[in-house]
Structure formats: structure tokens, C-alpha cells
Protein chains: 2
Amino acid sequence: MVRPREFDEEKALDAAMQIFWEKGFEATSLSDLTLRMGIQRPSIYSAFGDKKELFEAALRKYTRSHSAYVRTSLQNNSSVKEGFRAFFENMVANEYEKGPNRGCFCINTMVELSPHDEKFEVLTREHEMYLSVIFQETIERGVQSGELDADLNTKGLAQTIVVSLIGLTVIMKSRPERSFVDNSVEVILSLLK
Amino acid sequence: MVRPREFDEEKALDAAMQIFWEKGFEATSLSDLTLRMGIQRPSIYSAFGDKKELFEAALRKYTRSHSAYVRTSLQNNSSVKEGFRAFFENMVANEYEKGPNRGCFCINTMVELSPHDEKFEVLTREHEMYLSVIFQETIERGVQSGELDADLNTKGLAQTIVVSLIGLTVIMKSRPERSFVDNSVEVILSLLK
DNA sequence: ATTATAACGTACCGATCAGTATGTTATAAT
DNA sequence: ATTATAACATACTGATCGGTACGTTATAAT
């Protein structure tokens with residue numbers, strides 16, 4: 001009975017995610033969005049609501065896929081420590097290879113919006129807490145298997161890894177010498193023993 | 001021969017620093033600035049140049065005073081480990097007590113501007129590298145005095161403390177439970193032995 | 001007292017912002 | 001084939017953006 005949508009909502013949302021991720025909320029204009037999403041302004045509003053609602057949808061898409069990525073990434077390796085090593089080294093390599101240097105969409109949002117918008121404070125916090133749980137479960141798997149010491153403070157350690165992950169992601173935005181980051185990763189991994 | 005300035009440049013710059021620190025570059029308007037600095041628009045341009053030059057001056061003022069604060073803060077305590085503990089605990093307490101939740105101006109800038117503006121990439125990197133040097137010198141003082149193990153990787157440890165400091169500052173923007181941060185501080189301090 | 005100079009306040013500039021009114025077009029149900 | 005519906009493209013809204021032109025005022029040197 002009605003005219004069907006001509007664009008793929010999921011692809012459009014993905015495009016919005018990419019540009020918000022790269023430029024942040026304030027620096028991204030509606031014109032930027034229509035250009036990259038390949039659709040007109042009213043289509044954005046009818047499909048996603050206003051700019052902030054679109055941003056929220058994009059962030060939710062990001063955290064969902066990022067959580068899944070982290071989870072499977074750590075499950076890939078039978079050794080917990082090697083799993084974490086591969087995870088960190090991969091992240092560092094990715095950030096140094098590519099051009100844009102976008103970091104993590106969730107962390108960017110934590111800095112830009114969370115202090116001024118409770119909705120994003122909650123959203124970003126919940127993602128980091130979820131990562132912390134994944135890390136803790138992974139560490140406990142290592143304890144269970146005997147790979148890691150039984151007296152490890154698994155919760156505190158997982159929380160510290162979240163903190164370190166954020167710190168590494170952010171400092172890489174200033175492009176420090178690669179050795180700076182590599183050294184830090186090594187010291188952080190030394191906590192897993 | 002000329003009419004003298006009626007406002008205190010240093011106070012005006014300080015006001016600009018406060019608001020840029022709180023809201024970031026993009027979200028701060030010229031109207032915000034004239035309001036908080038207590039001067040008119042043309043006065044800003046004649047005294048500080050355009051918005052980005054003013055921002056740069058404000059950031060330089062911040063990094064200068066922050067460096068001095070960190071340096072003296074760590075010198076206050078004769079025990080290196082207790083010095084770091086006091087430093088971290090103070091930072092956490094400050095961030096949780098106050099309302100605004102501004103974090104660190106330099107870190108905010110690293111996230112917002114460094115990936116898109118080489119000048120700020122350099123500026124923010126240099127500040128973090130400077131902090132790393134302060135931390136390393138402090139750790140080496142502890143090694144020298146016998147408080148810390150002689151086989152510590154002082155450089156890597158200092159770099160890791162920078163990374164942790166950034167991570168803690170950023171995650172506090174999402175207001176995690178206090179215990180999350182406290183636990184992380186404890187684990188990080190455990191590296192100093 | 002006159003004059004040169006720059007800081008001052010006001011009021012403006014074109015550009016761009018987020019968001020929308022409107023008329024047209026395409027589709028599915030009848 | 002007709003009709004109801006919503007997606008579409010165009011073009012617009014008022015507001016606000018960063019930045020500046022300009023006329024006035026206050027000061028210091030003469």
C-alpha cells in the first residue's frame with residue numbers, strides 16, 4: 001500500500017557510524033551525513049529521528065559489534081595470556097597502520113558526550129563494564145586451567161585491563177613512538193602470571 | 001600614546017581555559033567565550049587571535065601548570081610508592097567530588113583534535129611524554145634509594161603509568177562505581193615493588 | 001590642548017547549522 | 001484503473017556560527 005524504502009537502513013546506519021566515529025558528534029554535520037549515507041535529509045529524520053538519535057543508534061551498533069569482536073577474539077586462543085597478547089598487538093597494529101586514527105567510537109563518546117549527557121554516560125559505562133566482565137571471565141578460565149596463578153585478583157585485573165585498553169587507545173591518537181605503546185602492553189601483560 | 005587594555009589577559013585566558021576544558025573546542029562558541037571571559041568579541045581577536053589560536057594558548061597554559069602540579073605532587077612524599085598512591089587517590093577523589101567532570105584538558109584535546117590537527121597531535125604527545133619522564137625519574141629515585149627493586153623496567157613502567165592515568169581519567173567520565181577505579185589503582189600500584 | 005593610537009561596544013557579515021514544509025513519485029491494496 | 005500511503009527530492013526556515021567593519025572613547029606623547 002505504500003512506497004518501499006529505496007535505501008538499505010543498515011548500510012545507511014553503518015555509514016553514519018563511520019563518520020560519527022571519525023569526527024565525533026559536534027563536528028559531524030547533517031550535510032556530512034547525507035553525503036556519506038547517500039540519502040536525503042528527510043530520509044534520515046524519518047528513518048532514524050534527529051541527529052542525536054541517529055548518533056545513539058550508530059553507537060549502539062558499534063558497541064554491539066565491538067563486544068562481539070572482543071569476545072570472539074579472546075576465545076580464539078587456548079592460552080589466555082597469548083589471547084590477550086594477540087588482542088592488544090592487533091589493536092596497536094591496526095591503529096598504527098591505517099590512516100584515519102579513529103580510535104574507539106565508545107571512548108570518543110565517553111570523552112565528548114558522557115560528561116554532559118546522562119544517556120551516553122550510561123551507555124558508554126555499560127559497554128566498558130561489559131568488556132570488564134568478558135576480561136574477567138577470560139582470566140578466570142586461565143586460572144581454572146592452571147595457566148594463571150590461583151591467587152590472582154581476577155576482578156581487579158580485568159578492570160585494570162579495561163583501563164589500560166582505554167589509555168592505550170587514547171594515547172595512540174597523539175601518535176607516540178611505537179615503542180612507547182609496545183612497552184606498555186608488555187608491562188600490562190606481565191600482570192597475567 | 002594608546003588606550004591601555006582594560007582587562008587582565010591572564011585572567012581572560014584562564015576563563016577561556018576553563019570553558020574549553022569543560023566543553024571542548026567545537027562545543028564552545030564565541031558567545032560562550034565572551035560571556036565567561038567578560039570581554040567583547042573584538043577584544044578576543046586582538047589579544048589572542050582566532051578561536052583556534054585562543055584554544056592553543058589555553059591548552060599551553062594548562063599543560064604548563066599541569067606539568068608543574070604533577071612534578072611537585074610526586075616530590076611531596078619521600079616514599080615513591082606512597083607518592084604515586086597519593087597522586088592517584090587525589091585525582092580520583094577530585095574527579096568524583098566535583099560536579100563538572102572535566103577530566104584532563106590535554107586528554108580531551110587528544111581525543112577531539114589530535115587525529116585531525118597535527119599541531120595538537122604534537123602538543124598533546126609532548127605533554128604525555130613529559131609526564132612519562134617525570135614518572136620515570138621518580139621511579140628511578142625509588143630504585144636509587146632502595147625502596148624499589150633494582151631490576152624494575154623503569155621506562156616501561158613509567159609509560160604504563162601514563163597509559164593508566166589516561167585510562168582512569170577517561171573512564172571516570174562515564175562515572176563507574178568508585179570501586180572499579182579504586183581496584184585499578186591498587187593493581188597499577190602493585191607494579192611498584 | 002591637540003593628536004595619534006588602539007581598545008572599546010555595537011551591530012553587522014556571509015556561511016552554515018539542525019530541522020521541516022511541500023509537492024511529486026512509486027508502490028500495494030482495492 | 002483507482003486510491004491511499006509513505007518515501008522521495010527540492011528548497012526553504014529561523015537560529016547560530018566564526019569573524020569583522022565601524023564609529024566612539026580613553027590614554028599617552030607632544
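- Remark on DNA chain D: of its neighbouring residues B/T28 and A/F7, the 5'-side contact belongs to A/F7, judged by nearest-heavy-atom nucleotide.
- Contacts classified as ring-ring contact (aromatic ring centres under 6.0 Å, His included) and involving residues 149-178 of chain B (residues at least two apart or in different chains) are not found.
- Cation-pi geometry between B/R175 and B/Y96 is satisfied (NZ or CZ under 6.0 Å from the ring centre, within 45° of the ring normal).
- Counting heavy atoms of neighbouring residues, nucleotides and ligands inside a 6.0 Å radius, atom CD of B/E53 exceeds 12 of them.
- Other residues, nucleotides and ligands place no more than 12 heavy atoms under 6.0 Å from the NZ atom of A/K11.
- Here B/F84 pairs with B/F135 under the ring pair (Phe, Tyr, Trp, His ring centres under 6.0 Å) rule; sequence neighbours left out.
- Consecutive Watson-Crick or G-U pairs involving DNA chain D, each under 3.5 Å on both distances, make up stems of three or more pairs at C:1-30 with D:1-30.
- One side chain, B/R41 or B/S31, offers a donor N or O that lies under 3.5 Å from an acceptor on the other.
- The 12-atom threshold is exceeded at NZ of B/K61, counting heavy atoms of other residues, nucleotides or ligands nearer than 6.0 Å.
- Annotation: proximity of residues 8-26 of chain A to DNA chain D (heavy atom, distance under 4.0 Å) is found for no residue.
- Using a 4.0 Å cut-off on heavy atoms, the residues of residues 29-60 of chain A that approach DNA chain D are A/Q40, A/P42, A/S43, listed by number.
- Cluster partners of B/F20, by chain and number: B/F7, B/L13, B/M17, B/I19, B/W21, B/F25, B/L30, B/L33, B/M37, B/I39, B/I44, B/Y45, B/F48, B/L54, B/F55, B/L59, B/Y62, B/F105, B/L113, B/F120, B/L123. The rule joins Ile, Leu, Val, Met, Phe, Trp and Tyr whenever side-chain heavy atoms lie under 4.5 Å apart.
- At a cut-off of 3.5 angstrom, the base of C/dA6 holds no donor-acceptor pair with the side chain of B/R3.
- A/K155 NZ: 12 or fewer foreign heavy atoms inside a 6.0 Å radius.
- Under a cut-off of 6.0 angstrom, the local environment of NZ in A/K119 is sparse, with at most 12 non-hydrogen atoms contributed by other residues, nucleotides or ligands.
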